[in-house]
Engineer: 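The structure is given below, and queries will be raised subsequently.
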Number of protein chains: 2
Amino acid sequence: MNIGEIARRAGVSRSTVSYALSGKRPVASSTRRRVQDVIDELGYRPNATARALKEGRTRTIGLVIPPAGNRLTHMQLDFVASVVDAAARVDLDVLLSPSGEDHDRSFERLVSEGRVDGVILMEIRLEDPRVGRLQAAGVPFVGIGHTAGDQGMSWIDVDYAGLVRHCVRHLADLGHRRVALITRSAELVAAGYGPARRAGEGFAAAVAERGLDGIEVPCGDDARSGQECVEALLRGHSGLTAVTTINEAALPGIQRALADAGLAVPYDFSITGVAARTWAEDFRPPLTAADVPALEMGEKAVALLMQRITAPDAPPRHILLTPPISLRSSTAAART
Amino acid sequence: MNIGEIARRAGVSRSTVSYALSGKRPVASSTRRRVQDVIDELGYRPNATARALKEGRTRTIGLVIPPAGNRLTHMQLDFVASVVDAAARVDLDVLLSPSGEDHDRSFERLVSEGRVDGVILMEIRLEDPRVGRLQAAGVPFVGIGHTAGDQGMSWIDVDYAGLVRHCVRHLADLGHRRVALITRSAELVAAGYGPARRAGEGFAAAVAERGLDGIEVPCGDDARSGQECVEALLRGHSGLTAVTTINEAALPGIQRALADAGLAVPYDFSITGVAARTWAEDFRPPLTAADVPALEMGEKAVALLMQRITAPDAPPRHILLTPPISLRSSTAAART
DNA sequence: TTGTATGCGTTATCAG
DNA sequence: CTGATAACGCATACAA
């Protein structure tokens, strides 16, 4: 069933049906009524593909997520959910594309076949070929995270350097002298993953500033890795009394390793870091942490993208979020 | 840039470009070469929208996920990831639609605007109006889970009744006499959510069969609810020595409540249930559980959907998965 | 081996 | 206030 069928049954022309639906030109109320009745009876809705072809826009945005193999973290999941939600609120559909490798058929379809009006690019690398690809193709996009060179793109990011610096200062204020940063996987760090790099910078800066003894260790995105990581840390670094982490998936393992070592949090050992709020609250004891506002980020990313789409020539915008550190119960004065 | 531009630059007609690309009719190798050179130079890819309009199919499938508000469980997340992955392997894109309420704009767009070739419907209810809606619209679809009446649809599901029955029998064999089933939220059970209902049936059957004392309790999908749930259970039912659960999100809380009560797993208390494999393995001690094969389900769901799309009149197919119970370390003989 | 012409379902322009 | 008609970009039946 199509607009012609409706027109035929209502005894009007196709354009009248179209205008009755869009309201873009006056239609006699009697005519409109007749048309609407037919539409209601048959449950007609304009075909999205034909409309997209005619209008030159798809009312769809692409969301490029990390490849499916790597399990998404809660933070990432919350972000995806909030993007889908924010998009739905403005009647936009979301096309999912798992991408990461340089050559990716799904990503290529997205950028060069005109399937979407714009793209949200998650998990951006400091050097990310996809950014150039999108720019060359002229597809509006916003990055979650930003590249090293910035490249005149719009992005929204979390100030990992600042947050980790804050965390370390907080630990220093509590008297901790020997602290570790548990970061993301060695592969990710090597690949130039921004948050990991910047967290490392913030850590180094704060450690230097306060004259602490700081150890940075990579850690896989799962509980087991977290456990092994802390076990190794405790084995190799006596006098360690606190860790800060940006690896939320490792938290359950971190917790476990400490419990196994007979260390009570926060009396014997302090933990702090950057994590999704529910994750921090579910931790035991509740985690003193910067709560990544994933939901807010999703909303803002969609808003930013809409701006890029409607005003491609406007100067790109950047949003750097620095959520406050929520003081909960996982940090305390260092034992003397 | 479009096919006409390529044709012009290569000095051939549009159809020749089209055929050079599709290979659906012979093209002189010299001509093909010339066309290909222009295409490579300009990086041309046929517009997906125009192609979809012409061909009558979008090469896109819809994935209807639970509304964003409710955080997805790991099982669901794994499923989404595997669907996206399986779809990408056959060059299909995935359109995400958060739906649940009866009236949902995003869902309506999906079914009535021809945006997708077919739909995978997650989190199906025993009575689910969306099933009728899809059938009325003539959109091929497969359900994850099935309705009460079956309604001649294709679906893939996990045999929750059978799995819970197995779990309870296992506990009975170990000498447990008083056991509880921790199911999903009261709302979900009330709404006629299949897995919860069927788990309840399996539980009741096994309890009766073995002459046990069984308690079924609803529980929200989060750690906190799990904790409160077990606390209440321990308070109200002395002599309880084991629980089985289909609520994987509650597991961390269940674990915590038992630890707080000074009960060691599995020596003082046994736990078993249905969960994603990584979840079960990350549990401490590793959970004796039926590992829901979410990845396999995603792949099979896509395959099933492809069949519905290519052969709409073929009889619908059903796949009921009964993963084996992996014996790990969370169950032991009841203390006497 | 190649070119021309048509139609997919819309929206919007141009006439009336 | 309404109707005929031309695009949007592509694939394909029909002609040559």
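Chain A is the first sequence line, chain B the second, and so forth, proteins listed ahead of strands; every chain is numbered from 1.
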Engineer: Let's test your reading of the model: under 3.5 Å, does the base of C:dT10 pair with the side chain of A:R14 as donor and acceptor?
Structural biologist: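 It does, because a donor-acceptor pair links the side chain of A:R14 to the base of C:dT10 below 3.5 Å.
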Engineer: Any carboxylate oxygen within less than 4.0 angstrom of a Lys/Arg side-chain nitrogen, looking at B:R8 and B:E5?
Structural biologist: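 Counted as a salt bridge, because a side-chain N and a carboxylate O are separated by less than 4.0 Å.
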Engineer: Side-chain N or O of B:K24 less than 4.0 angstrom from OP1 or OP2 on D:dT12?
Structural biologist: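 So the side-chain polar atoms of B:K24 do come within 4.0 Å of the phosphate oxygens OP1 or OP2 of D:dT12, strictly under.
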Engineer: Taking the side chain of A:K54 as its heavy atoms from C-beta onward, which of D:dG9, C:dT11, D:dT2 lies nearest to it?
Structural biologist: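 Within the option list, the nearest is C:dT11.
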Engineer: Can you say whether a donor on the side chain of B:R25 sits under 3.5 Å from an acceptor on the base of D:dT12, or the other way round?
Structural biologist: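 Side chain to base: no pair below 3.5 Å.
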Engineer: Quickly work out the B:L53 CG to D:dT12 P distance and round it to whole Å.
Structural biologist: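 Atom-to-atom, B:L53 to D:dT12, this comes out as 13 Å.
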Engineer: Quickly work out the B:E55 CD to D:dA13 P distance and round it to whole Å.
Structural biologist: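 Going from B:E55 (CD) to D:dA13 (P), I get 12 Å.
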Engineer: If you look at every strand shown and take non-hydrogen atoms under 4.0 Å, does B:S22 touch a base, only sugar-phosphate, or nothing?
Structural biologist: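 If one applies the 4.0 Å heavy-atom cut-off, B:S22 turns out to touch nothing in the nucleic acid.
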Engineer: Does the side chain of B:N2 get closer than 4.0 angstrom to OP1 or OP2 of D:dG9 through an N or O atom?
Structural biologist: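 B:N2 to D:dG9 OP1/OP2: side-chain N or O found under 4.0 Å.
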Engineer: Respond yes when some side-chain nitrogen or oxygen of B:Y44 is under 4.0 Å from OP1 or OP2 of D:dG9, and no when none is.
Structural biologist: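 No.
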Engineer: Any salt bridge linking B:R105 with A:D91? Criterion: basic side-chain nitrogen under 4.0 Å from a carboxylate oxygen.
Structural biologist: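 Looking at B:R105 and A:D91, the cut-off is met.
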Engineer: Using a strict 4.0 Å threshold on nitrogen-to-oxygen distance, state whether A:D93 and B:R109 make a salt bridge.
Structural biologist: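 Counted as a salt bridge, because a side-chain N and a carboxylate O are separated by less than 4.0 Å.
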Engineer: C:dC8 C1' sits how many Å from A:I3 CD1, rounded?
Structural biologist: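 Answer to the nearest Å: 14 Å.
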Engineer: Which nucleotide in the set C:dT11, C:dG7, C:dA12 lies at the smallest distance from any side-chain heavy atom of A:Y19?
Structural biologist: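 Looking only at heavy atoms from C-beta outward on A:Y19, the closest nucleotide is C:dA12.
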Engineer: Can you find a donor-acceptor pair, distance only, under 3.5 Å between B:S15 side chain and C:dT4 base?
Structural biologist: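 Such a pair is found, so the answer is yes.
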Engineer: If you pin B:L21 and A:T31 to their nearest nucleotides in DNA chain D, which one's is more 5'?
Structural biologist: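 With B:L21 and A:T31 compared, the 5'-side residue is A:T31.
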Engineer: Looking at A:E113 and A:R115, does any basic side-chain N land under 4.0 Å from a carboxylate oxygen?
Structural biologist: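 A:R115 and A:E113: salt-bridged.
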Engineer: Across the strands shown, which category fits B:S18 at heavy-atom distances under 4.0 angstrom: base, sugar-phosphate, nothing?
Structural biologist: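 The residue B:S18 makes base contact.
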